[in-house]
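Quick caveat, the model's predicted, so the values are computed rather than measured. Quick note on labels: first sequence line is chain A, next is B, and so on, each numbered from 1.
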Amino acid sequence: MPFNVEKIFENVTKKSIFLNKSVLQSDYTPETIPHREQQIKQVAKILACSLRLEKPSNLFIYGKTGTGKTLVVKYVLNELNKKAAALKIPLKTIYVNCKLKKVSDTEYRILAELISQLGADIPATGLPTDVVYKKFINIIDENKQLIIIVLDEIDEAVKKIGDAFLYNFTRLNSEMMNTQISFIGISNDLTFIDSLDPRVRSSLSEEELVFPPYNALQLKDILIERAKRSFKRSCVSSGVIEKIAALAAKEHGDARRAIDLLRIAAELAEREGKSKLTLEFVDKAIEKIERDKIVDLVETQPRHHQLILLSILNFFDTLKNKEQKVYTGDIYNRYYDLCKQLKLEPLTQRRVSDIVAELDMLGLINAQVISKGRYGRTREIKMTLPNSLILKIKSIIEQQIY
DNA sequence: CGAGATTCATGTGAAGTATACCTTTAGGCTTAA
DNA sequence: AAGCCTAAAGGTATACTTCACATGAATCTCGTA
């Protein structure tokens with residue numbers, strides 16, 4: 001096979017279909033947010049009174065992932081900050097993502113994060129929680145001002161440490177002379193608010209806003225907007241965007257994943273040196289995402305699950321014809337030998353039977369209970385994965401074992 | 001020839017066990033006053 | 001002195017084993033035509 005590294009690099013520099021790839025990356029903040037005008041308006045209306053130095057209502061926002069919650073909030077706060085700066089209004093906004101590890105562990109850490117965003121510093125550990133509260137109040141209560149605190153993915157934090165800290169937060173206002181605080185909570189979990197303490201619930205969600213998933217038409221507009229910025233002119237075949245939008249809308253309505261799909265399809269096209277993103281690459285991208293999912297699944301399986309899967313795969317390898325069926329007993333023998341070979345203690349048949357059922361649930365194999373009459377009852381195992389994937393999975397497992 | 005009994009190989013359920021993981025409690029230690 | 005941190009104790013979920021029984025069609029058995 002002719003192999004020319006120089007050529008690969010040439011392809012990258014010359015033929016790139018990307019104008020600016022970062023537009024399709026998940027941390028990109030677009031300038032416009034299509035089909036969220038309604039939500040932007042509502043959030044803006046609720047927060048607008050802060051420009052008259054009045055405390056806005058606390059706001060609670062729900063919606064599934066990829067519906068633009070974080071984006072809308074950040075956008076509105078950004079505009080608000082600009083306006084406030086122009087009008088010389090003492091307004092501060094703080095954004096905290098509760099899902100990040102360093103923040104979400106304890107109430108203490110959330111407070112510490114808030115304080116550090118305000119520019120002050122506190123020790124990483126050692127202080128009593130109420131002292132931290134006092135310090136927090138001291139910092140912000142020095143001057144007359146308004147503070148808006150955004151707690152993103154708040155459900156994650158509550159899952160870990162309970163809702164007591166939210167109660168403390170909502171009562172902060174009564175302890176301060178000058179400053180007033182508003183909260184904006186963002187949650188992916190639609191049932192989250194019901195699990196809260198009623199007192200917290202009523203004070204935190206004075207206003208509520210629900211972000212619905214995008215439909216196919218809206219996703220199309222979003223994708224077109226991004227595509228304009230990220231690809232060179234006429235690098236995308238007609239129908240590509242429509243196809244992705246339709247698929248994403250059907251499955252989840254998640255804009256982030258739709259954009260991921262677009263990016264992966266484009267990357268595949270580029271890697272093949274094509275100057276145009278055609279429909280076939282969308283299919284390939286879907287396949288790739290599916291493959292990656294399966295590879296990930298296999299990688300994270302416990303050792304014995306992997307060994308059993310490997311035994312099954314080995315069987316299908318020796319029996320060239322794919323339609324062949326294999327029975328639990330054969331698998332168990334192979335698995336048993338494999339364990340002996342690796343000096344591992346094999347699991348019992350009982351457990352293996354359950355694990356085979358689990359692998360079936362995960363869609364890695366197709367196993368059905370059948371009766372072979374005089375020759376007993378067993379699971380009939382069939383393979384559904386393509387050959388290339390089988391080989392890949394085998395090498396992954398073998399790597400992990402040795 | 002056919003109804004019913006038998007049989008095989010493993011499925012399935014219940015209950016018990018070991019282990020890791022999490023929560024709770026008690027006591028010592030750090031920090032602020 | 002407050003109250004946080006650490007360590008031990010206790011509790012719980014998970015992954016597995018053991019024991020016991022269920023399953024269900026191919027096959028066998030045996031009575032009958």
Under 3.5 Å side-chain donor-acceptor pair for [X] and [Y]:
X: D260(A); Y: S26(A); answer: no
X: N188(A); Y: K69(A); answer: yes
X: S353(A); Y: R379(A); answer: yes

Separation of atom [atom1] in [X] from atom [atom2] in [N], rounded to whole Å:
X: L347(A); N: dA18(B); atom1: CG; atom2: P; result: 17 Å
X: K372(A); N: dT6(B); atom1: NZ; atom2: C1'; result: 18 Å
X: R351(A); N: dC16(C); atom1: CZ; atom2: P; result: 5 Å
X: R303(A); N: dA15(C); atom1: CZ; atom2: P; result: 15 Å
X: Y327(A); N: dA9(B); atom1: OH; atom2: P; result: 13 Å
X: I370(A); N: dT12(B); atom1: CD1; atom2: C1'; result: 17 Å
X: Y375(A); N: dT6(B); atom1: OH; atom2: P; result: 19 Å
X: H304(A); N: dT19(B); atom1: NE2; atom2: P; result: 14 Å

>> On the six-membered ring of Y95(A), is K74(A) placed so that its NZ or CZ lies under 6.0 angstrom from the centre and within 45° of the ring axis?
In response: yes
> Among the nucleotides dG11(B), dT18(C), dG24(C), which one has an atom lying closest to any side-chain atom of T348(A)?
Replying inline: dT18(C)
> Which nucleotide in the set dA25(C), dT27(C), dG11(B) lies at the smallest distance from any side-chain heavy atom of R374(A)?
Replying inline: dT27(C)
>> Would you say T328(A) places a side-chain N or O within less than 4.0 Å of OP1 or OP2 belonging to dT10(B)?
In response: no
> DNA chain B: T378(A) or R350(A), which has the more 5' nearest nucleotide?
Replying inline: T378(A)
